[in-house]
**Student:** 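Quick one: structure below, then a few questions.
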Amino acid sequence: MAETPIISIRNLTKVYRLGEVEVPALRGVDLDIYRGEFIAIMGPSGSGKSTLMNLIGCMDVPTSGEYYLDGVDVRRLSKNDLARIRNKKIGFVFQAFNLLARATVLENVELPLIYADGIPGRERRARALRALELVGLADRAHFYPTQLSGGQQQRVAIARAIVNDPVVILADEPTGNLDTRTSVEIMGVFQDLNERGITIVLVTHELDIAQFAMRVVEMRDGQIHRIRPVENRRRAELGVGY
Amino acid sequence: MRYISILRVAYRALGQNKLRSFLTMLGIIIGVAAVIAMLAIGHGARDAVQAQIASLGTNVLIVFPGAANQGGVRMEAGTAQRLTEDDATAIRRYCPAVQYVTPVVRTGAQVVAGAQNWRTVVYGAYPEYFIIRDWSLERGQLFTETDLRGATKVCVIGRTVATQLFGDADPVGQTIRIRNIPFKVLGVLAPKGQNAFGQDQDDLIVAPFSTVQKRLMGVTHANTILASARSVSEIREAEAQITQLLRDRHRLTPNEENDFTIRTQVDIANAADATSRTMAMLLASIAGISLIVGGIGVMNIMLVSVTERTREIGIRMAVGAREVDIMAQFLIEAVVLSVSGGLIGIVLGVFVSRTLTRLQGWPVSLPPEAIALAFLFAVAVGVFFGWYPARKAARLNPIEALRYE
């Protein structure tokens, strides 16, 4: 591909220090992710996939190596700049949904916009509603998260992840807390967003969930074991409860 | 824009835990109310003292004689008999900063009017005495220069003496007997109340200087000399002029000490003011300590809150909250707590001071600065004790915060 990748990682390492002991979590990772891709990162626990996710998500800085996100050299950034990058270029979806229980659905989706400077309240609400429409929950805007099912809560979380028009959505085991049927539903939402041009990076340890992606990155012992394209890619039939 | 939403978040977080927020606020409420009430009491006391000192007169200087020395044994201050009427006359003539002056003699005496009798103090002075002491008549008239020259047996009496001797009847024109000498009552002085030392200033009789000195006491000296400066700014100058004049008149060599002392109204006011200021400071600092204890309560609850909401902090950081945003959120929460507590405390404090006045009759005055001070103090307590928990929240690692159960 002649296109420049939006995520470019070279020889990335991460060493955690637990007292005297140094624990290497990543041991030299190279990875390019292009615009519009849908990538699944797989691997057993302890393989370093969560660490890689945190580094891609700018929640942490690497010990060594290079990481360019949308042309920005992330290693050089301060804590404040990292927060700004997370705010503008990244959307997170977590296994545990991580919604604010005290805030309404709409306020949850608005949250990233509150931390982006200079967006008036009216526009924040309009954009949050648009994001909610994309995940099919516009009619639940004034509910509280606890009044929604698990699948609906995860869709709210997805709406929150896309409200800022990020470069990439990072989903860390997004179906881990959901039953099979709802998992398929959520993967359908991701596929739909991906078809609208949004880049998605998914961490999972379930093979059939990874089958929804285009490429699978298999990790083992802090390194990429292999990268393979997905054959017989699964398609979630949208419209079921959507 | 953003800080309005943060403020909303803070209010909602506090509303979520109403009882806890209220109890935390209670510390601040009580602290601020105590500060306000104590300031009010302190201020009221000072005002009262100042009013009492003002009752001394305007720009007053009092010259006391020094201690008497009887064969090398020194007596108490004020016992020497070295001040004379001539000293007073000289002060009037040679001290330009002095406006009015009068020599004063003083003696205790039994006073009889009809079937009533009363022990009081009889003062002998010039008519200027009433100008210096800024003392007006309730009824009747004052004695004059003529009375002074003729040493006539007339007097004006204080309110207390009038009440003791005549009850509700009008004393003017009546005759009273002071040490069996009949005096005609010319007037009754307007009441002045207690002086700064709690003495009843209205328990006195004032008669012409010559009458009291010659007829009643049979002495040639004066007990004190009372003078007034032309203005407040000339009090010090008047003091210096009188000192120099009296040293000359008493033929004191440069290495001899003054055989008199001069107390000015400023000295007395300063001394009394220092006392009441100390009391006010003491009260306010005790109250301030309770406000600080309230602040520790705020800090405690904010620390609990930060721990409880670790995950929320992680979420906010993940979606792009910077350290300052998190810091601001918790700091604002602490300040909202202390400001709300402060406002309620002000209302309570004002109410308590009013109640004290009504029930105890304490002189209470509450200057607006005191309210502003208490309020600012409450805000400062919020910021100070909210700072550490807020910083702790802002310094959290987002990855660990998100993993927190």
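Computed from a prediction, not measured in an experiment: that's the story for all the values here. Chain identifiers are assigned alphabetically (A, B, ...) following the order of the sequence lines, protein sequences preceding nucleic acid strands; residue numbering begins at 1 within each chain. The basis for the numbers below is simple: all heavy atoms, side chains too, and nothing from hydrogens, waters or symmetry mates.
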**Student:** Salt bridge (Lys or Arg N to Asp or Glu O under 4.0 Å), that's the test. Do A:K14 and A:D60 meet it? Break it down for me.
**Tutor:** CA-CA 9 Å; A:K14 180 72 187 178; A:D60 210 346; 3.3 Å; yes
**Student:** Pick whichever of A:R160, A:E110, A:R102 has the most heavy-atom pairs under 4.5 Å with chain B.
**Tutor:** A:R102
**Student:** Contact part of A:I85 toward chain B, heavy-atom cut-off under 4.5 Å: side chain, backbone, both or neither?
**Tutor:** neither
**Student:** About how many Å separate CE of A:M187 and CG of A:N194, when rounded to the nearest 0.5 Å?
**Tutor:** 9.5 Å
**Student:** Just by distance, no angles: are the side chains of A:S78 and A:D81 close enough, under 3.5 Å, to form a donor-acceptor pair?
**Tutor:**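 Side chains of A:S78 and A:D81: pair found under 3.5 Å.
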**Student:** By a 4.5 Å heavy-atom criterion (distance strictly below it), what part of A:A103 contacts chain B: side chain, backbone, both, or neither?
**Tutor:**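 It is both, since atoms from each part get that close.
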**Student:** Give the minimum heavy-atom separation between B:S290 and B:A34, together with the two atoms involved.
**Tutor:**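 Taking B:S290 first and B:A34 second, the nearest heavy atoms are OG-CB, 4.0 Å.
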**Student:** At a heavy-atom separation under 4.5 Å, does B:E312 approach chain A through its side chain, its backbone, both, or neither?
**Tutor:** both
**Student:** Could you tell me which portion of B:R316 (side chain, backbone, both or neither) has an atom closer than 4.5 angstrom to a non-hydrogen atom of chain A?
**Tutor:**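 The answer is both parts of B:R316.
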**Student:** Are any non-hydrogen side-chain atoms of A:L100 and A:P145 less than 4.5 angstrom apart?
**Tutor:**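 Of all side-chain heavy-atom pairs linking A:P145 with A:L100, none is under 4.5 Å.
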